[in-house]
Amino acid sequence: MAQEDLFKKLVSHCKEYGYVFQSSEVYDGLSAVYDYGQYGVELKNNIKKYWWDSMVLLYENVVGLDSAIFMHPTIWKASGHVDAFNDPLVDNKDSKKRYRADVLIEDQRAKFEGKIEKEITKAKKRFGEAFNEDQFKETNPRVLANQGKIDELTARFAKAMNDNDLEGLKQIILDYEISCPVSGTKNWTDVRQFNLMFSTEMGSTAEGASKIYLRPETAQGIFVNYLNVQKTGRMKLPFGIAQIGKAFRNEIVARQFIFRMREFEQMEMQYFVRPGEEMKWFKHWKQFRMKWHQSLGFGSENYRFHDHDKLAHYANAATDIEFKYPFGFKEVEGIHSRTDYDLKQHQEYSGKKFQFFDPELNESYTPYVVETSIGVDRMFLQVISASYTEEEIKKENGKTDSRVVLSLPAFLAPVKLAVFPLIKKDGLPDIAREIINELKFDFYCQYDEKDSIGKRYRRHDAIGTPFCVTVDHQTATDRTVTIRHRDTMEQERVKIEDLKRIIGENVSYEKALRSL
RNA sequence: GCGGGAAUAGCUCAGAGGUAGAGCAUCAGCUUCCCAAGCUGAGGGUCGCGGGUUCGAAUCCCGUUUCCCGCUCCA
């Protein structure tokens, strides 16, 4: 199947079977926002539980946290998001290319600097040993002219950026005749501001209200609680804080279904380590996180690392775990060595000491941080796209038949068990109900008596239910039922009293967690 | 945001200026002793939304919203 077709089928399957709906659909939808339906929410919760348990249960030095979405606005100044997440953008109408206006202007300034350098190199050749660079820079008319342009440009640019003056930025682009590197033309749109952070007001009156942001990442909530957790939990380095929560980014381009949304959910763990040991832990978490993904059995060939060459200002090492989605290898998780940047920033802005006294070294230092950060929604899409399969089956009469199955790992499946009476009479429905009433305390069960038994099996294949139990006439005499396995379609006859154990063993998280 | 394509029933689509359709799905009933597509009946659409052209618009035109494909960033 063509990958593009597969993706389209996946999206409609998600809607048709109650996994994912577009937000506000009855009002024509809201762009890049999606809702999780009755099965979607179960799968999502199960994914979150698997991640949480693999961090908080398996590592005795990793603890959880649930910090608020609203945080003090200074946090986002300290983290660099207020400045870095605020891009003035401009489009060239001919090449259709989009640029950051500030980058275009800085490139222009670099061009002027390049011209000065050229003059200096030329002069050096001409004057030889006697060349006095400082004097040359102060007297040469061409150098002075370019330096004048640089100074004027720098001043105007700084003022426009400070005042948030978009028209001013556009005017700089026009005045300095900056052209598009691709089309070479100066046919620009207006400069527009794209603030990647959503903001709102906190406070009951408009005058007294202060602007606060919806967090663009959950990490900062961990950093600002570092001291609280470290002290109250008596944590010794190295230790980690794990958190699952919503984050918000006003993406310019948000697409590919739930892969890139404006409201999304992250599972992050910040691991605080002794400076100098960060690469050891970076490697550890890199391997562990990859193992976690591969434990789901979707095939190791569908994963790869993508190491970053260009690093963010706070990082000294970074890698992505990429999964092969129907639209190609894309990042599902990032592992970053964030140095002591964040804690140092908060130390500076808050005036509190974010230091740890290390009794072994007998000294205090600001811990380094290794971060693992995975998108829940991207993980959800990974699970769904890896599990969606269309099968051709040879029937006994020689005809072919097809079925759509979500081969979800059993412990992640929304519905664990469906119970059917083979026919809806002779007391069979009552027995089926009895079984559900006994097992509903442990598993999400569903009852179905509509249509032929085959249809009922297929309906549950489509939502990924791993087990279907059928009550037949033999059940009434010997208290046994058939249990049918989703992936093989094979059946076995078991005692009703053994169902809880059999299903329990198969849908437990334990086996997956033990494999890590 | 820009360019290109699309939007008709829950899903997949037909309908190309003259009464809104099919298959599947859903619901009710019948049938059925284990793998969808037997039988009967029912419900469900102001054709994404708004305007225009026309005696008449799902159909032609304009705008708008949403989705898909490219251009950048990220979880």
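Letters A, B, ... mirror the listed sequences (proteins, then strands); counts begin at 1.
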Less than 3.5 Å between a donor and an acceptor, one on the side chain of A:Asp472 and one on the base of B:C34, is that the case here?
yes

Among B:A75, B:U32, B:C11, which nucleotide sits nearest the side chain of A:Phe264?
B:A75

Check: B:C73 base within 3.5 Å donor-acceptor of A:Arg260 side chain:
yes

Side chain of A:His336, heavy atoms from C-beta onward: which of B:G10, B:A75, B:C34 has the nearest atom to it?
B:A75

Treating primed atoms plus P, OP1 and OP2 as sugar-phosphate and everything else as base, which nucleotides of nucleotides 21-28 of chain B get B, S or - for protein heavy atoms under 4.0 Å?
----SS-B

OP1, OP2 of B:U66 versus side-chain N and O of A:Gln22: anything below 4.0 Å?
no

Please tell me which of the listed nucleotides, B:C33, B:C68, B:C34, lies nearest to the side chain of A:Phe257?
B:C68

Using atom CG of A:Asp448 as one end and atom P of B:U32 as the other, report the distance to the nearest whole Å.
19 Å

With rounding to whole Å, what would you report as the distance between B:A42 and B:C34 at their C1' atoms?
30 Å

Options B:C35, B:C69, B:C34, nucleotide nearest the side-chain atoms of A:Leu422:
B:C34

Within the 3.5 Å criterion, strictly below it, is a donor on A:Tyr303 or A:Gln382 matched to an acceptor on the partner's side chain?
yes

Kindly say if A:Lys8 contacts the phosphate of B:C68, meaning a side-chain N or O under 4.0 Å from OP1 or OP2.
no

Show me the protein contacts with nucleotides 39-47 of chain B, counting only N or O atoms at under 3.5 Å.
none

Residues 414-436 of chain A vs side-chain hydrogen bond (donor to acceptor under 3.5 Å, both in side chains), sequence neighbours excluded, gives A:Asp426-A:His473

Does a side-chain N or O of A:Ser452 approach OP1 or OP2 of B:C35 to a distance below 4.0 Å, or not?
no

